[in-house]
Protein chains: 2
Amino acid sequence: MDLVYEALVSEGGFVSAQDLYRKLKDRGENIGLATVYRSLQSLSESGSVVIARGDDSETIYSACEDGTHHHHLRCKRCGASVKIDSEEAERWTASVAREYGYVEVSHTFDIVGICPKCQT
Amino acid sequence: MDLVYEALVSEGGFVSAQDLYRKLKDRGENIGLATVYRSLQSLSESGSVVIARGDDSETIYSACEDGTHHHHLRCKRCGASVKIDSEEAERWTASVAREYGYVEVSHTFDIVGICPKCQT
DNA sequence: TTGATATTGATAACCATTATCATATTTAAT
DNA sequence: ATTAAATATGATAATGGTTATCAATATCAA
Ligand SMILES: [Mn+2]
Ligand SMILES: [Mn+2]
Ligand SMILES: [Zn+2]
Ligand SMILES: [Zn+2]
């Protein structure tokens with residue numbers, strides 16, 4: 001668990017469970033894939049890891065200490081992400097939900113692009 | 001292809017390929033699961049079907065003739081969805097992308113709640 | 001020390017999706 | 001209408017990320 005969290009923190013951005021597992025193994029750690037999944041799962045439940053869905057069918061994870069509601073702008077090349085303020089978008093979703101009479105409305109924003117460093 | 005499209009239209013909202021397949025079989029149609037996937041795939045490429053990712057790991061599809069960029073507010077109970085105007089959110093994402101120097105930025109909004117009909 | 005409890009790693013199972021392939025259907029040319 | 005090539009279809013196997021299982025190991029409290 002601590003090992004997985006460390007590795008994820010040092011990763012800096014979003015990474016898949018499989019990739020994280022490979023990197024840990026390559027580093028010589030004795031760890032199982034199931035443990036990586038389990039750790040990421042409980043870390044996300046405890047709020048220190050955020051989850052997103054990459055372009056493909058892999059779930060990707062990133063360490064994020066901030067427990068308050070926010071979103072990320074993520075690089076599709078390297079996985080780097082920046083926390084972004086979303087007040088404006090929050091108000092928009094709330095007003096849309098009200099307009100159509102939907103309740104218990106939640107949302108997921110997946111915003112991806114190419115970060116400054118990855119631009120040739 | 002036409003059969004799949006019809007079924008999806010009559011469905012009204014979002015539904016998974018597996019569910020659509022089951023409903024077609026229950027209706028007595030002679031169709032294969034692969035054909036359902038293939039049809040939904042090409043329909044989405046031709047722009048008459050939109051794709052989203054449900055809470056679980058299933059991809060869900062909905063007939064949507066509107067080829068312009070827009071988003072949906074979807075009911076997590078019955079799959080019903082309403083097309084929503086997102087100009088405000090579009091401007092927000094564009095400004096965020098500019099602020100952090102990200103280019104080629106695209107986004108996916110998944111906004112789900114409980115529709116008026118499904119509220120007890 | 002000892003016994004109960006929780007964690008771990010290896011591996012099998014799961015399941016949505018895709019690839020394969022033989023058959024059936026459509027299309028175009030003769 | 002015949003025939004041959006091209007395309008679409010359904011059945012089924014394969015893929016791959018994720019989860020379940022389980023025996024072994026570590027942790028903890030008497
Ligand atoms: Mn938000
Ligand atoms: Mn948009
Ligand atoms: Zn980058
Ligand atoms: Zn509903």
Side-chain angles (χ1 to χ4, degrees), chain A residues 1-9 11 13-63 74 76 78-79 81 108 110 112, chain B residues 1-11 13-63 74 76-79 81 108 110 112:
Chain A
M1 172 104 155
D2 293 336
L3 189 60
V4 171
Y5 186 68
E6 278 176 34
L8 188 59
V9 169
E11 194 63 24
F14 281 87
V15 65
S16 73
Q18 306 266 356
D19 283 350
L20 204 58
Y21 169 70
R22 276 178 221 121
K23 294 193 177 182
L24 282 165
K25 293 296 269 189
D26 289 349
R27 188 206 289 182
E29 303 290 349
N30 177 25
I31 194 171
L33 178 60
T35 301
V36 174
Y37 274 104
R38 274 190 292 246
S39 300
L40 291 172
Q41 182 86 22
S42 61
L43 284 168
S44 77
E45 282 165 2
S46 72
S48 44
V49 161
V50 294
I51 296 181
R53 284 256 178 85
D55 316 320
D56 40 20
S57 58
E58 279 187 324
T59 302
I60 52 180
Y61 308 82
S62 178
R74 168 170 44 94
K76 72 178 84 167
C78 70
S81 76
T108 302
D110 198 52
V112 300
Chain B
M1 172 102 156
D2 293 336
L3 189 60
V4 171
Y5 186 67
E6 278 176 32
L8 188 59
V9 168
S10 75
E11 194 64 25
F14 282 87
V15 65
S16 73
Q18 306 269 354
D19 283 350
L20 202 60
Y21 168 70
R22 276 179 221 118
K23 294 194 177 181
L24 283 165
K25 292 296 268 190
D26 289 348
R27 187 205 290 183
E29 302 291 349
N30 177 25
I31 194 171
L33 178 59
T35 302
V36 174
Y37 275 104
R38 273 189 292 245
S39 300
L40 291 173
Q41 181 88 23
S42 61
L43 285 169
S44 77
E45 282 166 3
S46 72
S48 44
V49 161
V50 294
I51 296 181
R53 285 257 178 84
D55 316 321
D56 39 21
S57 57
E58 279 187 324
T59 302
I60 52 180
Y61 308 81
S62 178
R74 169 169 44 94
K76 69 178 85 168
R77 293 267 172 80
C78 70
S81 77
T108 302
D110 198 52
V112 299

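Every chain is numbered from 1 and lettered A, B, ... according to where its sequence line falls, protein lines coming before strand lines.
At the phosphate of C/dT18, neither OP1 nor OP2 sits under 4.0 Å from any side-chain N or O atom of B/Tyr37. At C/dT8, none of the side-chain N or O atoms of A/Thr35 fall inside 4.0 Å of OP1 or OP2 (strictly under the cut-off).
Heavy atoms of B/Ile31 sit under 4.0 angstrom from primed sugar atoms or phosphate atoms, though from no base atom. At a threshold of 4.0 angstrom between heavy atoms, the contacts of A/Ser16 with the nucleic acid are absent.
The existence of a salt bridge linking A/Asp26 and A/Lys23 is excluded, since no basic side-chain nitrogen approaches an acidic carboxylate oxygen closer than 4.0 Å.
In this entry the distance linking CG of B/Asp56 with P of C/dC14 reads 18 Å, nearest Å. With rounding to whole Å, B/Asp19 atom CG is found 12 Å from C/dA16 atom C1'. In this structure, the CG atom of A/Leu33 is 14 Å from the P atom of C/dA12, given to the nearest Å. We find that CZ of B/Arg22 is positioned 11 Å from P of C/dT17, with the value rounded to whole Å. When the C1' atom of C/dT8 is taken as reference, atom CZ of A/Arg38 falls 6 Å away, rounded to whole Å. Distance, A/Asn30 CG to C/dT7 P: 18 Å, rounded to whole Å. What separates OH of B/Tyr21 from C1' of C/dT18 is a distance of 15 Å, to the nearest Å.
In this structure, B/Glu58 and A/Ser39 both approach DNA chain C, and ranking their closest nucleotides by distance from the 5' end singles out A/Ser39.
Each of C/dT18, C/dG9, C/dA10 was ranked by its minimum atom distance to the side chain of B/Gln41; first place goes to C/dT18.
Taking 4.0 Å as the cutoff to heavy atoms of chain A, we find the contact window on DNA chain D bounded by D/dG17 to D/dT21.
One side chain, B/Gln18 or B/Tyr37, offers a donor N or O that lies under 3.5 Å from an acceptor on the other.
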Begin with the C-alpha distance, continue with both residues' side-chain angles, and end with the deciding distance and a verdict on side chain to side chain contact (heavy atoms under 4.5 Å, CB included) for B/Arg53 and B/Ile60.
CA-CA 6 Å; B/Arg53 285 257 178 84; B/Ile60 52 180; over 6 Å; no
